[in-house]
Participant: 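Could you have a look at this structure, given as structure tokens, before my questions?
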Amino acid sequence: MEKKLRVGVLGATGMVGQRFVSLLEEHPWFEVTTVAASPRSAGKTYKEAVGGRWKLETPMPERVKNLTVMNVNEVEKVASSVDFVFSAVDMTKEEIRAIEEAYAKAETPVVSNNSAHRWTPDVPMVIPEINPEHFEVIPFQRKRLNTERGFIAVKPNCSIQSYTPALSAWKEFEPYEVVATTYQAISGAGKTFKDWPEMVGNVIPYIGGEEEKSEQEPLRIWGRLEGGVIVKAKEPVITCQCIRIPVLNGHTAAVFVKFRKCPSKEQLIERLTQYRGLPQELALPSAPKQFIRYLEENDRPQVTLDVDYENGMGVSIGRLREDTVYDWKFVGLSHNTLRGAAGGAVLCAELLTKQGYISAK
């Protein structure tokens, strides 16, 4: 790419916004030229607006420190300064839906980390290795919005990334019933242990809205484009419990699966390790070389050893074994703020750029 695309980050001062800013520091295609946040942050430098709330272990990139934070509600002003935006705004769902649509109507593509548009029928919700064909719904969305460039695309919830890829790799064996329990890191709530000291040594068996997302969003990922909208799949039926645990980064899942066909352990492992998607074929900048790996050790995957696999963009699977009630069971691990949040959105934007949906204004 001869000239980098100008990127805006909406909600840039929050944890996921910070992750976007950090990930894009040395990106070969994209450059953060605009940071936008709430009116109370507008007019300050990014460094002043974030203050002592920088939540990442890596330092704040030098080149964004002195960017003046813009008011995220001044849509036309922000949109005029960028080619597209990443959305990580912290608002009500109704407000998020409205503001993301406003940016799209201002002819600015929106790649969103938020959940507000995940069930809008003509908005693609994509894990690029699994369902890139869902981007083909964008022309239908543009027709509804009456736009030429503008649209909204979203990535799915972080909780499904540790098991949905494995089930996708095993699609030929027809999984039809799944039980999953996710053990989710506190950064998924935008927190660190400094923010949330009561999580040290604690487990909370409830995360609002998470179980519904974990059960339903994979079905939309596996859905089909029909009549200008995405129609969700009917199977596999998934039931899930989501538990918050005292880990900073990394969502782990314990999963039980029933198949209509009877795969061997060797077949299941082979499908995992050979699974490749469009990002790998196109060698996109953020794509892991190997999307899914299988670990033979009985005590893997572990957060401390495995969460940063492939720069946090890969998925680790282990403990695959036959079950006495279901057919097979396994443990999965993914990085919730990289693959599951900002990194997954950046990968979506890379694919959208490669396919011509995002371009310079």
Participant: Using ring pair (Phe, Tyr, Trp, His ring centres under 6.0 Å), reason through F256 and F330 one step at a time and then give a plain yes or no.
Facilitator: CA-CA 7 Å; F256 302 77; F330 69 93; 9.1 Å; no
Participant: Would you call the rings of F259 and W170 parallel, tilted or perpendicular, taking 30° and 60° as the class edges?
Facilitator: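 Ring orientation of F259 relative to W170: perpendicular.
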Participant: Before giving the answer on side chain to side chain donor-acceptor pair (under 3.5 Å), spell out for Q241 and T181 the whole-Å C-alpha distance, their side-chain angles and the decisive distance to 0.1 Å.
Facilitator: CA-CA 5 Å; Q241 292 198 98; T181 300; 4.6 Å; no
Participant: Report the C-alpha distance between N131 and W222 in whole Å, list the side-chain angles of each, state the deciding distance to 0.1 Å, and finish with yes or no for side chain to side chain contact (heavy atoms under 4.5 Å, CB included).
Facilitator: CA-CA 7 Å; N131 63 322; W222 297 318; over 6 Å; no
Participant: Would you say I358 ends up clustered with V154 if hydrophobic residues are merged whenever their side chains have heavy atoms under 4.5 Å apart, either directly or through other cluster members?
Facilitator: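 As far as the 4.5 Å side-chain criterion goes, I358 and V154 are not connected within one cluster.
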Participant: Test R339 against S334 for side chain to side chain donor-acceptor pair (under 3.5 Å), laying out the working first.
Facilitator: CA-CA 7 Å; R339 168 56 73 168; S334 60; over 6 Å; no
Participant: Tell me, yes or no, whether the heavy-atom count around D90 atom CG, taken from other residues, nucleotides or ligands under 6.0 Å, exceeds 12.
Facilitator: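 Open: at most 12 neighbouring heavy atoms sit under 6.0 Å from CG of D90.
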Participant: If you count heavy atoms of other groups shown closer than 6.0 angstrom to NZ of K361, is the number above 12?
Facilitator: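 Enclosed.
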Participant: Between D195 and T192 (side chain of the first, backbone of the second, donor and acceptor by atom type, cut-off under 3.5 Å), is there such a pair?
Facilitator: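 Checking the backbone N and O of T192 against the side chain of D195, a donor-acceptor pair under 3.5 Å is found.
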Participant: Distance alone, cut at 3.5 Å: any donor-acceptor contact between the side chains of K289 and Q280?
Facilitator: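 No, no side-chain donor-acceptor contact under 3.5 Å.
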Participant: I'd like to know if K329 and D323 make a salt bridge, using a cut-off of under 4.0 Å between side-chain N and carboxylate O.
Facilitator: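 So K329 pairs with D323 through a salt bridge.
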Participant: Below 4.5 Å, heavy atoms only, C-beta onward: do R244 and I186 meet side chain to side chain?
Facilitator: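 Touching, per the 4.5 Å side-chain cut-off.
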Participant: Applying side chain to side chain donor-acceptor pair (under 3.5 Å), run through S81 and T34 and close with a yes or a no.
Facilitator: CA-CA 7 Å; S81 69; T34 300; 2.9 Å; yes
Participant: I'd like to know if the side chain of T45 pairs up with that of N66 as donor and acceptor (distance under 3.5 Å, no hydrogens or angles considered).
Facilitator: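 No, N66 and T45 have no side-chain donor paired with an acceptor closer than 3.5 Å.
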Participant: Do E101 and R97 sit within salt-bridge range, that is, some charged N less than 4.0 Å from a carboxylate O?
Facilitator: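 No salt bridge links E101 with R97.
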Participant: Looking at Q216, is its backbone amide N or carbonyl O close enough to the side chain of K232 to form a donor-acceptor pair, meaning the two atoms are under 3.5 Å apart?
Facilitator: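 No; judged by distance alone, with no hydrogens or angles, the pair does not exist.
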Participant: Around K47, counting heavy atoms of other residues, nucleotides and ligands shown, do more than 12 lie under 6.0 Å from its NZ?
Facilitator: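 No, the 6.0 Å shell around NZ holds no more than 12 heavy atoms from other groups.
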Participant: Hey, does the side chain of H134 reach the backbone of G223 with a donor-acceptor pair shorter than 3.5 angstrom?
Facilitator: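 Checking the backbone N and O of G223 against the side chain of H134, a donor-acceptor pair under 3.5 Å is found.
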Participant: Spell out, as yes or no, whether a donor-acceptor pair under 3.5 Å connects the side chain of T92 to the backbone of E95.
Facilitator: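 Pair found, side chain donor or acceptor close to backbone of E95.
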Participant: Just checking, is any N or O donor in the side chain of Y275 or E129 under 3.5 Å from an acceptor N or O on the other one?
Facilitator: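 Absent: no donor and acceptor within the cut-off.
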Participant: T353 side chain to A349 main-chain N or O, any donor-acceptor pair under 3.5 Å?
Facilitator: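 Pair found, side chain donor or acceptor close to backbone of A349.
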Participant: Using modelled atom types only, decide if a donor and an acceptor are shared between the side chain of E174 and the backbone of K261 within a distance under 3.5 Å.
Facilitator: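 Flag not set: sc E174 to bb K261 has no pair under 3.5 Å.
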Participant: Which heavy atom of E177 sits nearest to which heavy atom of Y326, and what is that distance?
Facilitator: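 Smallest interatomic distance, heavy atoms only, reads OE2-OH, 2.7 Å.
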Participant: With no hydrogens and no angle check, is any side-chain donor or acceptor of T273 less than 3.5 Å from a backbone partner on I269?
Facilitator: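 It does hold such a pair.
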Participant: Given side chains that start at C-beta, do those of F86 and L24 come closer than 4.5 Å, heavy atoms only?
Facilitator: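 F86 reaches L24 side chain to side chain.
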Participant: Between E31 and T33, does any side-chain donor sit less than 3.5 Å from a side-chain acceptor?
Facilitator: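 No donor-acceptor contact under 3.5 Å links the two side chains.
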Participant: Which ILVMFWY residues are connected to V331, directly or by a chain of links, through side-chain heavy atoms under 4.5 Å apart?
Facilitator: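 So far as hydrophobic clustering goes, V331 is joined with none.
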Participant: With a 4.0 Å cut-off on N to O distance, would you call E148 and R142 a salt bridge?
Facilitator: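 Looking at E148 and R142, the cut-off is not met.
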Participant: Side chains of D308 and H335, heavy atoms from C-beta outward: is any pair under 4.5 Å?
Facilitator: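 Yes, at least one pair of side-chain atoms sits under 4.5 Å.
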Participant: Check for a donor-acceptor pair, side chain of R149 on one end and backbone N or O of A104 on the other, with a separation under 3.5 Å.
Facilitator: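 Not confirmed, R149 side chain does not pair with A104 backbone.
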Participant: For a side chain to side chain donor-acceptor pair (under 3.5 Å) check, start with the C-alpha distance between Q290 and E310, then their side-chain angles and the critical distance, and finish with the verdict.
Facilitator: CA-CA 8 Å; Q290 184 168 338; E310 290 277 17; over 6 Å; no
Participant: For the pair H27 and W29, name the ring-plane relationship: parallel under 30°, tilted 30 to 60°, perpendicular over 60°.
Facilitator: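 Judged by the thresholds at 30° and 60°, the geometry between H27 and W29 is perpendicular.
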Participant: Taking E100 first and then K105, would you say they form a salt bridge - that is, a charged N and a carboxylate O separated by under 4.0 Å?
Facilitator: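 No, no charged N to carboxylate O under 4.0 Å.
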Participant: In terms of heavy-atom contacts, does NZ of K143 have more than 12 from other residues, nucleotides or ligands at under 6.0 Å?
Facilitator: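 For K143, atom NZ is not crowded (no more than 12 foreign heavy atoms under 6.0 Å).
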Participant: So, E350 and S286: side-chain donor and acceptor under 3.5 Å apart, yes or no?
Facilitator: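 Distance-only check passes for E350 and S286.
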Participant: Cut-off 3.5 Å, side chains only: do S159 and S214 have a donor facing an acceptor?
Facilitator: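 The answer is yes; a qualifying pair exists.
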Participant: Without swapping roles, check the side chain of S187 against the backbone of G190 for a donor-acceptor pair under 3.5 Å.
Facilitator: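 No: the side chain of S187 does not pair with the backbone of G190.
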Participant: Taking atom types as modelled and ignoring hydrogens, do the side chains of N336 and Q161 form a donor-acceptor contact shorter than 3.5 angstrom?
Facilitator: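 Their side chains do not contain a donor-acceptor pair, so the 3.5 Å distance test is not met.
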Participant: Between R276 and F291, is NZ or CZ placed under 6.0 angstrom from the six-membered ring centre and within 45° of the ring axis?
Facilitator: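 The answer is no; the distance or angle limit is not met.
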Participant: State plainly whether the residues E297 and R319 are in salt-bridge range, i.e. N to O under 4.0 Å.
Facilitator: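 Salt bridge absent between E297 and R319.
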